[in-house]
Amino acid sequence: MNKVTWSLAIVAAGLAAPAGARADRAAVDAYPRRLVDRPLLLPPGLFEVRFGGLSDAIARAPQDRFRTRADVAYGFGGRFMVGADTDVAVAPADAMEIVDVSARLDYSLVPAASIRVAGFAYDDAPGDGDADVAFGFRVGLPAQLGLGRSMTLQVTPDVSFAGTAVLRIPAGLSLQLFDAAAIVVDSGLRVEEFRFERDEAAGVDTWDVPFGVGVWLGLSRRIDLTVRLEWPDTAHRRGDRWLFASFAFRG
């Protein structure tokens, strides 16, 4: 490569770096600040990192449990989004558990609906002190429906296949109070093996109804906070409550 070619390459790289920075800034500037205005998938070139934690300190019989949730997502190609989600129980230390660690790919069918495929890992025998990691995959159909200018309903049904088949139908309602704040309410249904019954041998039910309610704060287009109370199963384990807080950054 001669000196002229090297010089052109250096100049091109120098011009491309600011252009890339401007493109990234433009993607952030175009991203809606209001929660109810945000698209189902991230636009191309935009990434999001979200980190949070859950504590059962507010449960009727707290057991000093703590879980971490860390997620990352990136939009590309106009219709695609790739991401990874983690849910790990880190305390008590003698009961650490991989609740769910997954990698996913979303493809936008239309602006309000997409298809999601994911592979995931989890602890097949929680509570025994060993990491008995098992693997599975899931297929989902996330969808979003605007209910006026200040309300959005998001439904993310999926079916996972691992040791057992599990159907989940999470639903979340967001009510925008003003640009920087919204009320979020989550509920849904989770059913193992498509059966509504009690597993007497394991002492658990094959279905549950989670519920959560909280506040979302949009500090900027790049940063937001969420604080929420969660009930993992309002149908059976009424005393089990968690406090969840998360921080999100986009760029």
Side-chain angles (χ1 to χ4, degrees), residues 31-32 34-43 46-52 54 67 69-76 79-88 99-122 136-147 151-162 164-176 182-194 196 206-216 224 226 228-235 242 244 246 248 250:
Y31 194 69
R34 284 164 39 99
L35 182 63
V36 297
D37 294 337
R38 293 180 177 179
L40 190 61
L41 303 186
L42 291 173
L46 195 65
F47 73 86
E48 180 179 84
V49 177
R50 185 177 299 273
F51 181 78
L54 298 93
R67 288 160 56 181
R69 288 182 184 168
D71 313 321
V72 61
Y74 176 75
F76 67 99
R79 287 195 158 193
F80 291 92
M81 185 173 74
V82 64
D85 307 316
T86 71
D87 186 346
V88 180
V99 181
D100 192 285
V101 174
S102 66
R104 55 183 166 82
L105 175 67
D106 291 63
Y107 173 74
S108 177
L109 301 173
V110 294
S114 63
I115 184 169
R116 174 178 297 173
V117 293
F120 64 94
Y122 65 100
F137 72 95
R138 63 172 58 102
V139 179
L141 292 169
Q144 183 169 281
L145 176 65
L147 303 174
M151 190 177 299
T152 300
L153 175 65
Q154 190 171 107
V155 183
T156 314
D158 65 40
V159 179
S160 61
F161 302 92
T164 60
V166 178
L167 169 66
R168 300 188 305 178
I169 311 177
L173 186 68
S174 301
L175 175 62
Q176 199 79 42
I183 299 295
V184 290
V185 180
D186 304 295
S187 189
L189 177 67
R190 179 182 178 277
V191 186
E192 295 184 9
E193 295 292 346
F194 309 101
F196 292 86
T206 59
W207 62 282
D208 52 55
V209 180
F211 180 79
V213 60
V215 176
W216 169 92
D224 53 54
T226 302
R228 188 169 66 238
L229 297 178
E230 295 186 357
W231 288 261
D233 183 10
T234 59
W242 294 77
F244 170 74
S246 72
R250 283 166 295 279

Q | Pairwise side-chain contact, Pro232 with Pro210, heavy-atom cut-off 4.5 Å (strictly under) | A | no
**Q.** Nearest-0.5 Å distance that lies between atom CG in Leu175 and atom CG in Leu153
**A.** 12.5 Å
Q. Who are the ring-ring contact (aromatic ring centres under 6.0 Å, His included) partners of Phe80, not counting sequence neighbours?
A. Phe76, Tyr107
Q. Hey, what do you get for CG (Leu41) to CE (Met81), rounding to the nearest 0.5 Å?
A. 4.5 Å
Q) So, the side chain of Thr156 versus the backbone of Pro142: is there a donor-acceptor pair under 3.5 Å, distance only? A) no
Q | Sub-4.5 Å side-chain heavy-atom contact between Pro43 and Tyr31 | A | yes
Q. Hey, does Asp208 have a side-chain heavy atom less than 4.5 Å from the side chain of Trp231?
A. no
Q. Would you call Leu173 and Val184 a side-chain contact if the rule is heavy atoms closer than 4.5 Å?
A. no
Q: Take Gln154 and Leu40, measure what side chain to side chain contact (heavy atoms under 4.5 Å, CB included) needs, and give me the verdict at the end.
A: CA-CA 9 Å; Gln154 190 171 107; Leu40 190 61; 3.7 Å; yes
**Q.** Nearest heavy-atom neighbours spanning Leu35 and Ala182
**A.** CD2-CB, 4.2 Å
(Q) Does this structure show an ion pair linking Arg138 with Asp100, if we count only N-O contacts that are shorter than 4.0 Å? (A) yes
Q) To the nearest 0.5 Å, how far apart are CH2 in Trp242 and CZ in Arg67? A) 5.0 Å
(Q) Which residues pass the salt bridge (charged side-chain N to carboxylate O under 4.0 Å, His left out) test with Arg228, not counting sequence neighbours? (A) Asp186, Glu230
**Q.** Check: Arg50 and Val72 side chains under 4.5 Å, non-hydrogen atoms
**A.** no
(Q) I'd like to know if the side chain of Ser102 reaches the main chain of Phe120, judged simply by a donor and an acceptor atom lying under 3.5 Å from each other, with no hydrogens or angles considered. (A) no
Q | From Leu109 atom CG to Arg79 atom CZ, the distance as rounded to the nearest 0.5 Å | A | 7.5 Å
Q | Derivation and outcome, side chain to side chain contact (heavy atoms under 4.5 Å, CB included), residues Phe196 and Leu189 | A | CA-CA 11 Å; Phe196 292 86; Leu189 177 67; 4.0 Å; yes
Q.
Within the structure provided, determine whether Val159 and Phe194 are in side-chain contact (heavy-atom separation under 4.5 Å).
A. yes
Q: Taking only Lys NZ, Arg NE, NH1 and NH2, and the carboxylate oxygens of Asp or Glu, determine whether Asp158 and Arg116 approach each other closer than 4.0 Å.
A: no
Q) Under the salt bridge (charged side-chain N to carboxylate O under 4.0 Å, His left out) criterion, do Asp85 and Arg69 qualify, and how do the steps go? A) CA-CA 7 Å; Asp85 307 316; Arg69 288 182 184 168; over 6 Å; no
**Q.** Gap between atom CD1 of Ile115 and atom OG of Ser108 - 0.5 Å precision
**A.** 11.5 Å
Q) Is any NZ, NE, NH1 or NH2 atom of the basic residue among Asp224 and Arg38 found under 4.0 Å from an Asp or Glu carboxylate oxygen of the other? A) yes
Q.
Cation-pi check for Trp207 against Arg190: NZ or CZ below 6.0 Å from the six-membered ring centre and within 45 degrees of the axis, yes or no?
A. no
Q.
Apply side chain to side chain contact (heavy atoms under 4.5 Å, CB included) to residues Asp233 and Phe211 and explain how you reach the verdict.
A. CA-CA 7 Å; Asp233 183 10; Phe211 180 79; over 6 Å; no
Q: Find the distance between CG (Leu145) and OG1 (Thr152) and round it off to the nearest 0.5 Å.
A: 8.0 Å
Q: Would you mind reporting whether Arg104 and Val117 have side-chain heavy atoms less than 4.5 Å apart?
A: no
Q: Could you tell me whether the side chain of Glu193 and the main chain of Thr164 form a donor-acceptor pair under 3.5 Å?
A: no
(Q) Please check this pair: side chain of Thr234 against backbone of Val209, looking for a donor-acceptor N/O pair closer than 3.5 Å. (A) yes
Q: Determine, stepwise, if the pair Leu141 / Ser114 fulfils side chain to side chain contact (heavy atoms under 4.5 Å, CB included).
A: CA-CA 6 Å; Leu141 292 169; Ser114 63; over 6 Å; no
